[in-house]
Number of protein chains: 2
Amino acid sequence: MAQESPTFSPLYKQIRSLIVQALEAGDWQPGQTIPSEQELALRFGVSQGTVRKAVDELASENILVRKQGKGTFVSTHQDPRAAFRFLRLKALDGRLVQPKSMPLECMRAKAGPEAARNLGVEVGCPIVMVRRLLRFEGKPVVIDEMYLSGDAFPGLTMEVLKDWHGSLYSLFESRFGVRMIRAEEKVRAILADKAVAEVLGVAESTPLLSVERLAFSYGDKPVEWRRGLYSTEDYYYANELS
Amino acid sequence: MAQESPTFSPLYKQIRSLIVQALEAGDWQPGQTIPSEQELALRFGVSQGTVRKAVDELASENILVRKQGKGTFVSTHQDPRAAFRFLRLKALDGRLVQPKSMPLECMRAKAGPEAARNLGVEVGCPIVMVRRLLRFEGKPVVIDEMYLSGDAFPGLTMEVLKDWHGSLYSLFESRFGVRMIRAEEKVRAILADKAVAEVLGVAESTPLLSVERLAFSYGDKPVEWRRGLYSTEDYYYANELS
DNA sequence: AAGTGGTCTAGACCACGTC
DNA sequence: ACGTGGTCTAGACCACTTT
């Protein structure tokens, strides 16, 4: 037999790709259902079982959400329960608290070497820098500074940020069509400098978590690089190992 | 029809339980293969597809490992590549480094209220306390203090710890038959006190990660409660969000 | 060649939600 | 009653490893 599959890819992986392409193209919007498995099977010319395996994989990656009896939905950052997915903070007693975001600064700039490397663009490309404060139960807990590809976020201004009540990722999703799929975080411990201490309402030299995040959209494309400083006097960063 | 399934449980979940029971009973040892899907299907009187679904789930939880053409294996902490699973530290440049463990203290005691609550035992039950230092490339980076149910770890002494070259979890697995399946971690930032600073070779009041971990064995039984202090001058705590 | 897991199919039936 | 996803089956064939 000819060994004709050095790039062998199972059918369900190809179906998976087709579904992701449709999501990227905006054929199905966040929060809405996608066509039924039967219909997708017909459309793609495969059996329902093969579509099922593709959807299973996307559901396990939190890109789709299955609901028995109702259909399969495109996951959305609008869902308030999804907020914890990308902000792993819990109150010391384990409670999940919904933070409120307060923008501090929003400016357009050119990518420096570090931002360019992380975002996978050329040095000097247009980017947007956003600084904001997160309050939990009224108390400032997180200060974030993030860098976004300018091209992907036209018209992102201080006013837009101020008018938005919800998570940043739900703004990105609904206003700019940019959906965060996964992220990598690097956590270290640092000391609060004077400026940060003032904003967070803690003493200078208070220990803080430094959480550097690179967030990816479809196709593992990096679209956001951010660094957050977390005060962990009343909250902790929760993680699950398995 | 009678609504006879308030406690409905799919067949594959039951098969999953049977497999976990066999693992708990020690029928199949870490690193070894389990019987083939065909054989399990025969033994349990279900189709191969149902066994497959059960095994799929256990593989996704890192309890089993599938290897095409070879069989399905019981995962083991002996595998050096599995060390990162429960110790999420990488060098600043992203390299994975294999740490060396150095025991500092090992004593038996009675559970205080906090340890008892976390381990799910009565106050006063026998426990073992272990303190140890982790070195990465010669440098001290982590100091750990852990509490274990005394009953589950008979004969765990300083000598045993000193003689062991490998991860603690591989020692627990091979010598005591206790296998860690998953864990929850709470991460905060704290300041090094004088004693800790000395051991880690950093200045007093250096910011450190405080990583509190509760580790579970089969059946979500808590068996280890530990707190680690991580120096993040040369390493970071890596996490993947999705 | 034989044995393992991996993929794909087709069809039956169950559980859940909506009409 | 109907449509959706969820489970279960039986069988065929593919890809990988070992004998």
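Lettering of chains follows the sequences in order, A, B, ..., and the numbering in each one begins at 1.
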ask   = Restricting to pairs with a member in residues 165-181 of chain B, which pass salt bridge (Lys or Arg N to Asp or Glu O under 4.0 Å), not counting sequence neighbours?
value = none
ask   = Using a cut-off of 4.0 Å between protein heavy atoms and nucleotide atoms, how would you tag nucleotides 4-10 of chain C 5' to 3' with B, S and -?
value = BBBBSBS
Compile the donor-acceptor pairs under 3.5 Å between side chains in residues 93-103 of chain A and protein atoms, sequence neighbours left out, one pair per line.
| from | atom 1 | to | atom 2 | distance (Å) |
| --- | --- | --- | --- | --- |
| Asp93(A) | OD1 | Arg95(A) | N | 3.0 |
| Asp93(A) | OD1 | Arg95(A) | NH1 | 3.3 |
| Asp93(A) | OD2 | Arg95(A) | NH1 | 2.8 |
| Arg95(A) | NH2 | Glu137(A) | OE1 | 3.4 |
| Arg95(A) | NH2 | Glu137(A) | OE2 | 2.3 |
| Ser101(A) | OG | Arg132(A) | NH1 | 3.0 |

message = Holding to ring-ring contact (aromatic ring centres under 6.0 Å, His included), I want the full list of residues that pass it with Phe136(A), two or more places apart in sequence or in another chain.
response = Tyr235(A)
Residues which pass ring-ring contact (aromatic ring centres under 6.0 Å, His included) with Phe176(B), listed by chain and number, not counting sequence neighbours = Phe153(B)
query = Which pairs pass side chain to side chain donor-acceptor pair (under 3.5 Å) with one or both residues in residues 147-156 of chain B, sequence neighbours excluded?
reply = Glu145(B)-Tyr147(B)
remark   = In short, ring-ring contact (aromatic ring centres under 6.0 Å, His included) pairs touching residues 71-96 of chain A with sequence neighbours left out are His77(A)-Phe86(A), His77(A)-Tyr169(A), Phe86(A)-Tyr169(A)
task = Using salt bridge (charged side-chain N to carboxylate O under 4.0 Å, His left out) as the criterion, list what pairs up with Asp27(A), not counting sequence neighbours.
result = none
message = Please list, in numerical order, the residues of residues 18-32 of chain B that have a heavy atom closer than 4.0 Å to any atom of DNA chain D.
response = none
